[in-house]
Amino acid sequence: MKFRQCFRRPKKLKELGKEKELDRQQQGQEGPFLTGCLAEDVKYLKQRLGESGDVIFREYTLDLSEPIPVMVVFVDGLVSKEVINEFILQSLTFKGELKTEWAKDRSQLLRHIKDRVLNINEVSMVSSFPELFTMILSGETALLIEGHDEALICNTRGWEHRGIAEPQIEAVIRGPRVGFNEILRSNTAQIRRWIRDPHLTIKTMQIGKRSKTDVALVYLETVANPKIVQAVERRLKQIEIDGVVESSFLQDMIEDKPFSLFPTVQSTERADRVVASILEGRVAVLSDNTPFVLLTPVTFWQLYHSAEDYYHRWPMAFLLRTVRYLSFLFSLYLPSVYIALSLYNPELIPFNLAVKIAATREGVPFPVFLEALLMEIAIEIIREASARLPGPLGQTIGIVGGFILGDAAVRAGLISPITTIVVALTALSSFTAPSFEVAVTMRLLRFPLMFFALVGGLYGIAIATILLLIHMSGIQSFGVPYLAPVVPFSLEDFKDTFFTVPRWAMINRPFIFKAIDRKRRGTKTNRWWQEIYKPPQLEGDEEEE
Amino acid sequence: MKEKKERFLTIRQAVLLIICFSIGGGILYLPNSAAKVLQSGGWLWIFGVGLLVILSGLITAFLMRMFPEDTVVELSQKLLGKPLGITVSLMLILFFFSFVPLEVRILQELVNISLLQQAPFWFVGVLFLLTLAYAASQNIKSMVYVNELLMEIALGIGLAVTALAWQHFDPIHLLPVFGEVRLNLAHFREELGVAYIYTGFPVIFFLVPYFKLPQKVVKATFIGTVFLTLIYTFFTLTVLGVFGYKETLNLAYPGLELAKSVNLETVILERLDLVLIVSWISAIFTTCLVSYFFTALAISKLCGFKSHSPVAWALAPLTYYLSTLLTNYFVWKEFSAYLGLFALLVTVILPGILLIIALLKRRSMQGNQ
């Protein structure tokens, strides 16, 4: 073969160029590619971007022995102009001692500029136009030089953004006050600040054919189960979508049961919660342009956990969780049980209470189901109205709607006071859910349950519950059973389900997530209890004397 | 749908499956049957039958342990040849399936007694059967999870109610301890009716391929049957102790009466028997689900179907028709007695024969080698 090659006709330059292109295509890059002729490349760039006023083309000349034209391209507003002025343009101006060296080797000019001239922390080279466009449009500055078919990409990202603020919807009494903001980098940096472990992996990918949104997969390499990580990554990579406006777009695409009412992916904007989840061996999916982070896998019970539970002492956390699970039952069952009891089984209610209820229902023109349904719908309307109105007005609507409307309806004899109590308690209970998604699920499920109660009384409710449980037992969130650790039973994980045990007793990470590294901290063989319960001997010396 | 290769079943889940298959509507009239046989010593009778059940459960478990990859459908064909094997499978299918109409009927009666007095059968039955078919069309994993969850709820409430009834417990009711033994032929069917409600362990005929550790099947069966015996004995003891056997004989559902007798001042609900019934719907449901699911599974295996879901849906109308045949208390009580006879055949004699054949075959195999 070698012998033959010696006698081959030398390749023409054009052919060489074609071969280079072929090589690139084999590497998975998409054309077209930069030609090396500045005028042509700029013409192409302007053809594509020129109509947009925010794309700035700055012509510049390198003052070498013979002047070389260069072009700086960036998008106004996405870049930090100071960086461009000080570190790119200034660097490119005349520097005496280097001048001769540059001139010597024209073909290496680009490399020289990259290595010696530009004092910018992140510089890379691209050769294809699609890549170049993406880079420019995500806030980088491109530097094109005459005679080079590669462009230098300088990291000059710097745009206006919201600072780190306290999360609005997952408020806590105790705990860090920081939430995420809309900048992916700033969010990953926050996680890094919490976990200074080299094994914390932040895998970035771009999703969205047009939006090219940066999406980051964050997990602890030595803790999270690789199968779960792979599953998340695989599902993310399969996404074919126009643009990712919010992380819920991703959530829809990676969910296990798309038709289920129950969310199988948790979303949060609390940084501490994300960090705690990563430490448990879960995987976080961060998306650019939104403070909401997706956490996978998730169990049903976790949706009722608040970040705060871990910051209070454990008896208090026990109380908080009990209240929350109780109100979960209330928010789901209260109206339907009320309907079932008053329609079919009033004998279950204690006599005095039953008489009271009957007395208040005197003269109410609606049957009990319709009454409860009307009130539920009214509550939903009030809730939606107060959510849409600006802050202070929203509260007013709440008071006007809830208090005045309810009171007036009762006084007018349209609604019985008991129904008002039931519906109000239900609405209040549904507010205790820390996760908005699961609260909405319960709000939705309440209506079919009320219907079942109307048709079948307590029997109907029992059947509906069984149906619900069948459905929930069938759900898996990335391979983790949704109702774990209750089914399948795992005693160890009960330490952090309906109550929390003291931090020193949480020795293992949750088993349900099948973390590779199961131990959170030292084991019992460390004799931790002796250390904990040994009081400091403050006055011991004196007593001995 | 077919997850044959996946071994996920823990001992705990298997124990709960055994328990939930046997605890259904039957337990509510169990003390009645027991009192008929041994009067005030009825609980001893239950305990005695329990020991027998533990024994035959162990035999079945030993048999199944020898073939960790097979359900009874494949196993019986291996041991007995194709025609006989299929006959055995059909027998088991029939046995499992006949629970469903019976339980549906009991459920209908319970609902009519307390929850919805005038509810017609088509409403209660159809709603229940649709739920059942939906549950049975899921894969085995979620079926097991549902059972675990529902059984815990039902068992918890049931045992709590039983324990609360001890406020009326009077030891005098249990005397004389042995009573007058009336094991005569007139009550033959009643005695067998007791036997049938114990038949929880046949579920392991189908379970072994799903066990995480198939060799643990013996342990699981042992725990399950012992638990069952204890629960039944405790329950019968409580009922007999509270009501005395003569009153128990006159009660159709002593279990419900027991719940009615409980009076709690602090609880907001006036009557505990309704709570018991609501939770007992789930106990009945799990019994039906297990039998229904494994019927569908066995049929689909026998016919070589890929998925059991269509079978599960197709069985629903048939079940509905069969349960309409059991028109009243006396009819289905009679039916349950025959089912008990059948149960004796399936759960005691059949595993014994199969085990002997399996052992003989193994010996001859070893001899050949």
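Per chain, numbering begins at 1; letters A, B, ... match sequence-line order.
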Legend entry - Inter-chain contacts: residues 469-481 of chain A against chain B, heavy atoms under 4.5 Å: Leu469(A), Ile470(A), His471(A), Ser473(A), Gly474(A), Gln476(A), Pro481(A)

Inset, instruction - Check whether Phe452(A) gets within reach of chain B through its side chain, its backbone, both or neither, counting any heavy atom under 4.5 Å. - result: side chain

Residues, nucleotides or ligands: over 12 heavy atoms within 6.0 Å of [X] [atom1]:
| X | atom1 | result |
| --- | --- | --- |
| Phe451(A) | CZ | no |
| Phe121(B) | CZ | yes |
| Glu362(A) | CD | no |
| Phe511(A) | CZ | yes |
| Lys216(B) | NZ | no |
| Phe227(B) | CZ | no |

Legend entry - Sole residue of Asn112(B), Val278(B), Leu115(B) in side-chain contact (heavy atoms from CB on, under 4.5 Å) with Tyr459(A): Leu115(B)

Inset, instruction - Identify which of Gln13(B), Glu152(B), Arg12(B), Gln117(B) forms the greatest number of heavy-atom pairs closer than 4.5 Å to chain A. - result: Arg12(B)

Contacting region of [X] [heavy-atom separation from chain A under 4.5 Å]:
| X | value |
| --- | --- |
| Ala135(B) | both |
| Leu289(B) | neither |
| Leu149(B) | both |
| Val124(B) | both |

Inset, instruction - Rounded to the nearest 0.5 Å, what's the gap from CG on Leu483(A) to OH on Tyr145(B)? Could you check? - result: 10.0 Å

Inset, instruction - Kindly compute the distance separating CG (Leu458(A)) from CD1 (Ile281(B)), expressed to the nearest 0.5 Å. - result: 8.0 Å

Legend entry - Main-chain N/O of Ser114(B) paired with Asn345(A) side-chain donor or acceptor, under 3.5 Å: yes

Inset, instruction - Give the member of Gly456(A), Gly460(A), Gly457(A) that has the highest number of heavy-atom pairs under 4.5 Å with chain B. - result: Gly456(A)

Legend entry - Val455(A) and Phe123(B), any side-chain heavy atoms less than 4.5 Å apart: yes

